[in-house]
Enquirer: 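Okay, handing you the structure first.
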Amino acid sequence: MSITDDLPAIVAPGLTIDGGTASAPGRIGVINPATAQVFVRVPDAGGSELDRAVHAAHRAARPWRARSLPDRQEHVLRLVALVRDHIDGLALLLTLEQGKPLANARGEIQSALRYCERYAAMQLPVEVVRDDAEERIEIRRVPVGVVGAITAWNYPLLLAIWKIAPALVAGNTVIVKPSPYTPVATLRLGELAQAVLPPGVLQVLSGGDELGRAITVHPLIGKISFTGSERTGKAIMASSSATLKRLTLELGGNDAGIVLDDADPAAIAAGLYWGGLSNCGQVCAGLKRLYVPEQLAPQLEEALAAVAATVVVGDGTHDGVDMGPIQNQSQLDRVESLVAAAQRQGAEVYFRGQAPAGPGYFHPVTLVRNARDEMRLVAEEQFGPVLPDLTYRDVDEAVARANASDLGLGASVWSADEDRAVEVARRLEAGTTWVNQHPMLSPDTPFGGLKQSGLGVESSLHGLLGYTDISVLRVKR
Ligand code: NAD
């Protein structure tokens with residue numbers, strides 16, 4: 001039974017510019033990945049819409065930063081209350097455009113709101129480094145100005161809200177550009193927000209990659225906060241250099257998990273499974289390479305297959321579905337080709353679940369053994385519902401292989417002995433290393449990547465400070 005059986009026609013949201021809804025000459029057809037059909041068309045913003053939005057944001061920036069911190073935080077809390085009131089509608093849009101089950105769509109929004117509430121309770125520190133008869137020196141945090149927030153298609157609302165909340169609390173105005181694959185819920189958020197925010201403070205523009213590029217070169221934008229692929233992150237770093245924009249880049253990951261030989265396969269199987277395959281495997285900090293002691297592999301594979309066998313794949317609007325489709329056709333093609341290539345090189349699919357035949361972009365849960373580090377399925381971020389395991393003989397070897405990557409977003413160690421696990425965890429090169437879990441994020445904990453997984457962090461006070469510059473005040477006495 002699907003709740004979309006009697007769904008009213010979706011009203012296409014518009015762009016939000018300067019407190020009002022706006023359109024653009026072109027349209028983007030947004031595909032529901034569970035049906036492979038366009039379900040709504042939204043504006044395809046170009047240079048002139050961007051320019052209007054940036055000028056409005058620039059005009060709004062001075063009065064917004066002049067408000068007190070508690071006042072700005074109060075506005076963010078009003079936005080939280082508004083989103084809670086509209087959570088059903090937003091969650092449905094998220095499921096229709098992204099594919100994830102409705103319960104997960106609601107969970108994504110609720111989680112994002114917890115981050116907002118935390119930012120709404122933070123202080124922006126003023127550090128006094130000298131205060132004596134001769135001089136007072138203060139280190140203050142000031143907003144950057146206009147922030148361009150560019151997001152990916154795996155967690156459209158969470159990623160947008162992760163940027164909007166700290167940017168606004170810190171005193172910036174924001175222009176959000178969601179992925180052209182998943183712009184709908186974010187556009188709707190922009191429309192809703194106009195009831196609680198002054199004009200120009202938050203604007204949402206849907207558009208393609210070219211619109212993203214235009215944001216990164218616009219001279220009135222002071223910072224880019226980006227979540228997406230490593231390739232695009234590098235392009236943004238290059239294009240935004242001409243105007244020396246501040247950057248936060250949350251890029252890809254190819255997280256390794258190391259199971260130690262004392263781990264109990266039955267106890268850790270569900271944690272490993274969901275660590276890798278939640279959101280249909282489309283998680284930047286998902287577990288993507290599983291290193292297992294040779295002697296433990298058969299038991300662990302059996303335990304993982306038992307968990308996988310319980311997972312129902314289907315249309316996210318249907319009751320009882322645990323995992324939706326992959327978000328888009330090219331991602332589905334990529335995952336299928338990586339699995340096929342690994343099989344040709346000797347890997348074995350030891351579990352393949354059930355999935356609807358299509359026309360949606362469904363991919364069965366796929367567990368792979370006899371994988372090797374050099375296979376593209378392992379060496380690259382595959383971003384799909386596939387978990388390859390790789391066997392090792394000693395822990396030093398496993399650590400070296402886990403660290404042999406240009407990426408360093410997350411990593412995990414699994415063991416019955418916490419001290420032993422922590423010792424191994426400290427040797428892994430990652431922005432976050434978990435023990436007996438993967439990937440757990442929370443509002444008070446910074447999240448970001450080492451190496452080529454990113455620049456800067458999101459969440460926590462560290463994330464908030466990323467939306468500020470340092471400005472020093474020196475008073476001679
Ligand atoms: P993508 O890089 O293709 O696109 C992301 C966004 O960038 C889209 O809005 C796109 O239109 C825009 N864009 C594309 N080219 C641009 C350019 N030259 N300048 C400015 N903007 C441009 O990424 P994707 O395929 O949407 O997302 C998947 C990737 O995102 C994966 O690699 C995943 O690991 C990563 N991701 C990372 C995190 C994290 O927090 N580290 C979270 C989610 C996803």
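Ligands are counted one by one from 1 in listed order, and the atoms in each one are counted from 1 as well.
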Enquirer: Under 4.0 Å from a heavy atom of Gly228: which atoms of ligand 1 are those, numbered in the order shown and with their elements?
Expert: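 In order of numbering, the contacting atoms are 2 (O), 23 (O), 29 (C), 30 (O), 35 (C), 36 (N), 37 (C).
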Enquirer: Hey, which atoms in ligand 1 end up nearer than 4.0 Å to a heavy atom of Pro178?
Expert: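 Here the atoms of ligand 1 in question are 9 (O).
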Enquirer: Consider every N or O of Thr151 and every N or O of ligand 1, then say whether any pair is closer than 3.5 Å.
Expert: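 Checking ligand 1 against Thr151, an N or O pair does fall under 3.5 Å apart.
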Enquirer: Can an N or O of Leu409 be found at a distance shorter than 3.5 Å from an N or O of ligand 1?
Expert: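 Between Leu409 and ligand 1, no N or O pair is found under 3.5 Å apart.
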Enquirer: Between Glu380 and Arg334, is there a salt bridge with N-O shorter than 4.0 Å?
Expert: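 Looking at Arg334 and Glu380, the cut-off is met.
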Enquirer: If you measure every N/O of Lys177 against every N/O of ligand 1, is any gap under 3.5 Å?
Expert: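 Min N/O separation from ligand 1 is below 3.5 Å for Lys177.
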Enquirer: Hey, looking at atom 33 (C) of ligand 1, which of Phe383, Tyr181, Trp162 has the closest heavy atom?
Expert: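 Result: the heavy atom closest to atom 33 (C) of ligand 1 is in Phe383.
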Enquirer: Measuring from atom 40 (O) of ligand 1, which candidate in Arg213, Arg231, Glu250 has the nearest non-hydrogen atom?
Expert: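 Looking at heavy atoms only, the winner is Glu250.
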Enquirer: I would like to know whether Trp274 and Gln437 meet side-chain contact (heavy atoms from CB on, under 4.5 Å); could you show each step before the answer?
Expert: CA-CA 9 Å; Trp274 290 111; Gln437 54 180 355; over 6 Å; no
Enquirer: Does ligand 1 come near enough to Glu230 that some N or O of the ligand is less than 3.5 Å from an N or O of the residue?
Expert: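 N/O-N/O distance under 3.5 Å: no.
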Enquirer: So, is Ile236 polar-close to ligand 1, with some N/O to N/O distance under 3.5 Å?
Expert: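 Min N/O separation from ligand 1 is not below 3.5 Å for Ile236.
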Enquirer: Among all protein non-hydrogen atoms, which one is nearest to atom 20 (C) of ligand 1, and what is the separation to 0.1 Å?
Expert: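 Protein heavy atom at minimum distance: Gly212 C, 3.2 Å.
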Enquirer: Give the atoms of ligand 1, by number and element, whose distance to some non-hydrogen atom of Gly252 is under 4.0 Å.
Expert: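 So the atoms of ligand 1 that pass are 32 (O), 34 (O).
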Enquirer: Any heavy-atom pair between the side chains of Leu189 and Val176 that's under 4.5 Å?
Expert: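 Contact flag for Val176/Leu189 side chains = no.
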Enquirer: Would Asn104 and Asn279 satisfy side-chain contact (heavy atoms from CB on, under 4.5 Å), going step by step from the backbone distance to the final call?
Expert: CA-CA 8 Å; Asn104 297 118; Asn279 208 39; 5.7 Å; no
Enquirer: Of the backbone atoms (N, CA, C, O) and the side-chain heavy atoms from C-beta on, which set of Glu381 has a member under 4.0 Å from an atom of ligand 1: side chain, backbone, both, or neither?
Expert: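 Glu381 to ligand 1: side-chain contact only, backbone stays beyond 4.0 Å.
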Enquirer: Would you call the rings of His218 and His55 parallel, tilted or perpendicular if under 30° counts as parallel and over 60° as perpendicular?
Expert: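 Rings of His218 and His55: perpendicular, over 60°.
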Enquirer: Tell me whether Asp209 has any N or O atom under 3.5 angstrom from an N or O of ligand 1.
Expert: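 In this structure, Asp209 places an N or O atom under 3.5 Å from an N or O of ligand 1.
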Enquirer: Is there a polar contact, in the sense of an N or O pair closer than 3.5 Å, between Ser229 and ligand 1?
Expert: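 Ser229 vs ligand 1: N/O contact under 3.5 Å present.
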Enquirer: As an exercise, identify every atom of ligand 1 less than 4.0 angstrom from a heavy atom of Pro180.
Expert: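 Listed by number with element, the hits are 11 (O).
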Enquirer: When you measure from atom 16 (C) of ligand 1 to every protein heavy atom, which one gives the shortest distance, and what is it?
Expert: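 Its nearest protein heavy-atom neighbour is Thr232 CG2, 3.3 Å.
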Enquirer: What atoms of ligand 1 come closer than 4.0 angstrom to any heavy atom of Asn154?
Expert: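 Contacts of ligand 1 toward Asn154, numbered from 1: 43 (C), 44 (C).
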Enquirer: Verify the distance criterion only: is there a donor paired with an acceptor across the side chains of Thr432 and Trp434 at less than 3.5 Å?
Expert: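 Result is no, nothing qualifies.
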Enquirer: Given side chains that start at C-beta, do those of Lys288 and Phe383 come closer than 4.5 Å, heavy atoms only?
Expert: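 Yes, at least one pair of side-chain atoms sits under 4.5 Å.
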Enquirer: State the atoms of ligand 1, each with its element, that fall below the 4.0 Å cut-off from a heavy-atom position in Cys284.
Expert: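 Numbered from 1, ligand 1 contributes 34 (O), 36 (N), 37 (C), 38 (C), 39 (C), 40 (O), 41 (N), 42 (C), 43 (C), 44 (C).
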Enquirer: Pick out which of Val378, Val292, Asn370 makes a side chain to side chain contact (heavy atoms under 4.5 Å, CB included) with Asp389.
Expert: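 Going through the options one by one, the only one that passes is Val292.
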Enquirer: Any Lys/Arg nitrogen of Glu210 or Arg213 sitting under 4.0 Å from an Asp/Glu carboxylate oxygen of the other?
Expert: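 Salt bridge flag = yes for Arg213 with Glu210.
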Enquirer: How far does CZ of Phe226 sit from CG of Leu249, to the nearest 0.5 angstrom?
Expert: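 So the CZ of Phe226 and the CG of Leu249 are separated by 7.5 Å.
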Enquirer: Please work out, at 4.0 Å between heavy atoms, whether the side chain, the backbone, both, or neither of Phe447 comes within that distance of ligand 1.
Expert: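 It is the side chain that touches ligand 1; the backbone stays farther off.
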Enquirer: Do Arg52 and Asp18 sit within salt-bridge range, that is, some charged N less than 4.0 Å from a carboxylate O?
Expert: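 Judged by the 4.0 Å cut-off on N to carboxylate O distance, Arg52 and Asp18 do not form a salt bridge.
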Enquirer: Is there any N or O on Ser453 that sits under 3.5 Å from an N or O of ligand 1?
Expert: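 No - when backbone and side-chain N and O of Ser453 are compared with those of ligand 1, no distance drops under 3.5 Å.
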Enquirer: If you draw a 6.0 Å radius around OH in Tyr181, do more than 12 non-hydrogen atoms from other residues or ligands fall strictly inside?
Expert: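 At most 12 heavy atoms, drawn from other residues, nucleotides or ligands, come within 6.0 Å of this atom.
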Enquirer: Which of the numbered atoms in ligand 1 are under 4.0 angstrom from any heavy atom belonging to Thr227?
Expert: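 Answer for ligand 1: 5 (C), 36 (N), 37 (C), 38 (C), 39 (C), 40 (O), 42 (C), 43 (C), 44 (C).
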Enquirer: Should Val365 and Phe351 be marked as a side-chain contact (heavy atoms from CB on, under 4.5 Å) after you check the CA-CA gap, both sets of side-chain angles, and the distance that decides it?
Expert: CA-CA 8 Å; Val365 170; Phe351 177 89; 4.1 Å; yes
Enquirer: May I ask you to identify, for Phe226, whether its side chain, its backbone, both or neither come under 4.0 Å of ligand 1 on a heavy-atom basis?
Expert: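 The answer is the side chain.
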Enquirer: Below 4.0 angstrom from a heavy atom of Trp153, which ligand 1 atoms are there? Numbered from 1 as shown, please.
Expert: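 Contacts of ligand 1 toward Trp153, numbered from 1: 24 (P), 25 (O), 26 (O), 27 (O).
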